[in-house]
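The chains referred to below are lettered A, B, ... by the order of the sequence lines, with proteins before strands, and numbering in each begins at 1.
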Number of protein chains: 2
Amino acid sequence: MSDTPTLPPRKAAKAITAKTGTGRGVRPSSGRVTLGDVAKLAGVSAMTVSRVINRPESVTPEIQTIVRKAIAETGYVPNLLAGGLASSRTRLVAAVVPTLTHVLFSGAIQALTDRLAMDGYQMLLGLSGYPSEREDNLLHAILSRCPDALYLTGTTHSPETRRQLRAARIPIVETWDLSHKPIDMAVGFSHQAVGRGIAEYLHARGYRRVAVFSAEDERATIRRDGIVDTLGALGVTDVTCVTTPAPSSLAMGRDALGRLLTGGFRGAIHCSSDSMAHGVVLEAQARGLSVPGDIAVIGFGDLDFAAYMSPPLSTVRIDRFAIGRLAAEALLDRLADKPVAQKVVDVGFEIVERATT
Amino acid sequence: MSDTPTLPPRKAAKAITAKTGTGRGVRPSSGRVTLGDVAKLAGVSAMTVSRVINRPESVTPEIQTIVRKAIAETGYVPNLLAGGLASSRTRLVAAVVPTLTHVLFSGAIQALTDRLAMDGYQMLLGLSGYPSEREDNLLHAILSRCPDALYLTGTTHSPETRRQLRAARIPIVETWDLSHKPIDMAVGFSHQAVGRGIAEYLHARGYRRVAVFSAEDERATIRRDGIVDTLGALGVTDVTCVTTPAPSSLAMGRDALGRLLTGGFRGAIHCSSDSMAHGVVLEAQARGLSVPGDIAVIGFGDLDFAAYMSPPLSTVRIDRFAIGRLAAEALLDRLADKPVAQKVVDVGFEIVERATT
DNA sequence: TCTTATATTGTTAGCGCTCACAATAGCGCT
DNA sequence: AGCGCTATTGTGAGCGCTAACAATATAAGA
């Protein structure tokens, strides 16, 4: 008795577990039904039930029927934590985006999630915020969940982040920006090329005096530099740059134009977002200036309202849904061990000429 | 020999595992570092390492230091699948929304995710689509991941969905709509009250001829009915209702107004979204009608651009971030076993009078 | 007829972690 | 000194599932 003082309670505990699990039939809804419960009811082994769920083609139709009936009867819901732990496949894809308040990001996530759902994958969402200082922590938290693949926004990461990403050894797709060498795969466009495109467009349209209003955002800055450099190469040096805090808004456009006009500016303005461009147009009109006569405006994003402003806004269109969808497909190909056609996919951009330029 | 033909290979397999796990020091990055690896390096038990991570206050500072050093050295990333399986707490909250393309939803998800992240919870995102026929399957997939809590959009669910939800026995918050009895908790506003508010507002402003353009969306329909009923009670019976396909758009507003004008309509129009209202304003202006003189317009949502249209759009503002934040707090309170102040939180709405009414 | 290949089901041993408890150390008190 | 008390660490078992293999049944081939 003295050498096994701990056994009785343990045995008791075991007995209780066993009773709860195997007593009379099936646990209705408490403590959750397990594979074993279903197996017992169906008169097969747990493994067979698992097979019916995951690889039904390897089980005879008769047994499948019996098992499915048992599943329905018990209201069995699989536990993917246990499944993932056992198989090291979670069917989970994690996405990191700065914010959902921007339709470019939320649209891409929408397309990504939809496409992944088709193949039975689910989305773990992480918001990094704009300064993305949280990225390290966020990534750590995300990797703790063992996602099968990763969708990232942007291609600049801290050394620590990059180390974590490499260590994870899972398919990774970086999006939006193609300016750096991707860790694994990339889907997006070249912000520099967009800048060049805008510059060439404005130059071709005859504008020789240009202002750029851009948010303090890394990618907006790359576009701005692309514009400035290209214009410089084309001989246009009268370029004014205005930088505004990160989430650019309509109000910022109004403000920035107001300040710029005190210098008597006339010419073309590119705004790093359509919202800001909208503000510029409204401010110009409010001051009795003609658009595009006195002030020409070209935005970025082709947001919902751009085509319906008066006058309709010239802008740059990015296919945000294509980014999400193509990113999903790149990841799915890798997850299915299919050969990946191209590691870097450029979705390009389109300069949409409307009436403000 | 004949009774143990299977032992040799198993033992071999075991030995390999053991070697890989405990060989010389620590696995650099392959096969993932485990708690045990860290424990061995730190010279403590696995449980102590677990405590340092999860309840550091229960471990002496000296040992904490040693363990943290070992964690850093090995680059240990916890496996929350295993942790969740063992503790039946996943620190995961799942959200189901129809779409992210609508800022009302994506904004709420943004606020929800941000607030949850503060308390160390992460977001599992499910998109149900508008017809939400996928909700059953989606929910099944989500519950398989054992989230600690659930955020749902809308309060109408199929019987099967409701059964699954009850069986899950986790905190659930339903959002946007307060018209039904919540399964557990609810954060949102009454669409009926919004309809009443709009009707009373338009009536007070003197409008006696009203049209309602609403998307084929359940909640938009409730608002519409609220308008019609209230106007009726106020003696206004000249109400025209136009229904458009689900995701309402600017173009639909233009179309709908075009058709309505063939009947010589003059009066006030409510649109179930600001986008549609924008279209109505533009179409009216294109036809030389004065807004609000000939056609008054009031939208819904107070989207970004509403305040900056010309004329600025009257609309109904919902605090989408408040919904996400309050929903998160309701769930967190429940998860922390705090008493929940109120099971139903009405964030209300605000009629924003601008220049189109 | 007796292998040998093929299909289907069952068995065993963990995946990596945490719970519940046991063991030990350190403290003050009578 | 001896007692109990608290604080800290360790131990054993198992969460629910699936990989890998074993076992069996069945069909095909020599």
Novice: Roughly how many Å is it from CG in Leu81(A) to C1' in dT18(C), rounded to a whole number?
Specialist: 13 Å

Novice: Calculate the interatomic distance between Glu62(B) atom CD and dA7(D) atom P; express it in whole Å.
Specialist: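 It is 16 Å, rounded to the nearest whole Å.
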
Novice: For Ile63(B) and dA7(D), give me the distance from atom CD1 to atom C1', rounded to whole Å.
Specialist: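 Computing the Ile63(B):CD1 to dA7(D):C1' distance gives 12 Å.
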
Novice: Looking only at side-chain N and O atoms, does Ser50(B) come under 4.0 Å of OP1 or OP2 in dT18(C)?
Specialist: yes

Novice: Rounding to an integer number of Å, can you tell me how far Leu35(A) CG sits from dT12(C) C1'?
Specialist: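 After rounding, the reported distance stands at 16 Å.
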
Novice: In whole Å, I'd like the distance from the CE atom of Met47(B) to the C1' atom of dC19(C).
Specialist: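 Going from Met47(B) (CE) to dC19(C) (C1'), I get 7 Å.
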
Novice: Rounded to the nearest Å, what distance is computed from the CG atom of residue Leu85(B) to the P atom of nucleotide dC15(C)?
Specialist: 13 Å

Novice: When you check the phosphate oxygens OP1 and OP2 of dG10(C), does a side-chain N or O of Thr48(A) lie under 4.0 Å from one of them?
Specialist: yes

Novice: Can you check the Arg55(B) CZ to dA7(D) C1' distance for me, whole Å?
Specialist: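 My rounded result for the distance is 12 Å.
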
Novice: Judged by atom type as modelled, is there a donor-acceptor pair below 3.5 Å linking the side chain of Asp333(A) to the main-chain atoms of Lys338(A)?
Specialist: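 No, the answer is negative, given that no donor and acceptor are paired below the 3.5 Å cut-off.
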
Novice: Near Lys69(B) NZ, under 6.0 Å, is it more than 12 heavy atoms from other residues, nucleotides or ligands?
Specialist: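 Not more than 12 within 6.0 Å, no.
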
Novice: For the residue pair Asp37(A) / Thr74(A), report whether a side-chain donor-acceptor contact shorter than 3.5 Å exists.
Specialist: no

Novice: Please determine, for the side chain of Ala82(B), which listed nucleotide (dG16(D), dT18(D), dC17(C)) has the closest atom?
Specialist: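 Selected nucleotide: dC17(C).
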
Novice: Out of dT18(C), dT18(D), dT9(D), which nucleotide sits closest to the side chain of Ala86(A)?
Specialist: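 Ranking dT18(C), dT18(D), dT9(D) by closest atom to the Ala86(A) side chain puts dT18(D) first.
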
Novice: For dT18(D), which nucleotide in any strand shown is its Watson-Crick or wobble partner with both distances under 3.5 Å?
Specialist: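 In the structure as shown, dT18(D) has dA13(C) as its Watson-Crick or wobble partner.
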
Novice: Does Val97(B) form a side-chain contact (heavy atoms from CB on, under 4.5 Å) with Leu127(B)? I'd like the steps, not just the answer.
Specialist: CA-CA 5 Å; Val97(B) 268; Leu127(B) 301 180; 3.6 Å; yes

Novice: Base, sugar-phosphate or nothing for Leu80(A)? Non-hydrogen atoms, less than 4.0 Å.
Specialist: nothing

Novice: In whole Å, I'd like the distance from the CG atom of Asn54(A) to the C1' atom of dC17(D).
Specialist: 10 Å

Novice: Return yes if some donor-acceptor pair links the side-chain N/O of Ser50(A) with the main-chain N/O of Ala46(A) below 3.5 Å, else return no.
Specialist: no

Novice: For dT18(D), does OP1 or OP2 lie under 4.0 Å from any side-chain N or O of Ser87(A)?
Specialist: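 Indeed not, no polar side-chain atom of Ser87(A) lies that close.
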
Novice: Which part of the nucleic acid, if any, lies within reach of Thr60(B) when heavy atoms closer than 4.0 Å are counted: base, sugar-phosphate only, or nothing?
Specialist: sugar-phosphate

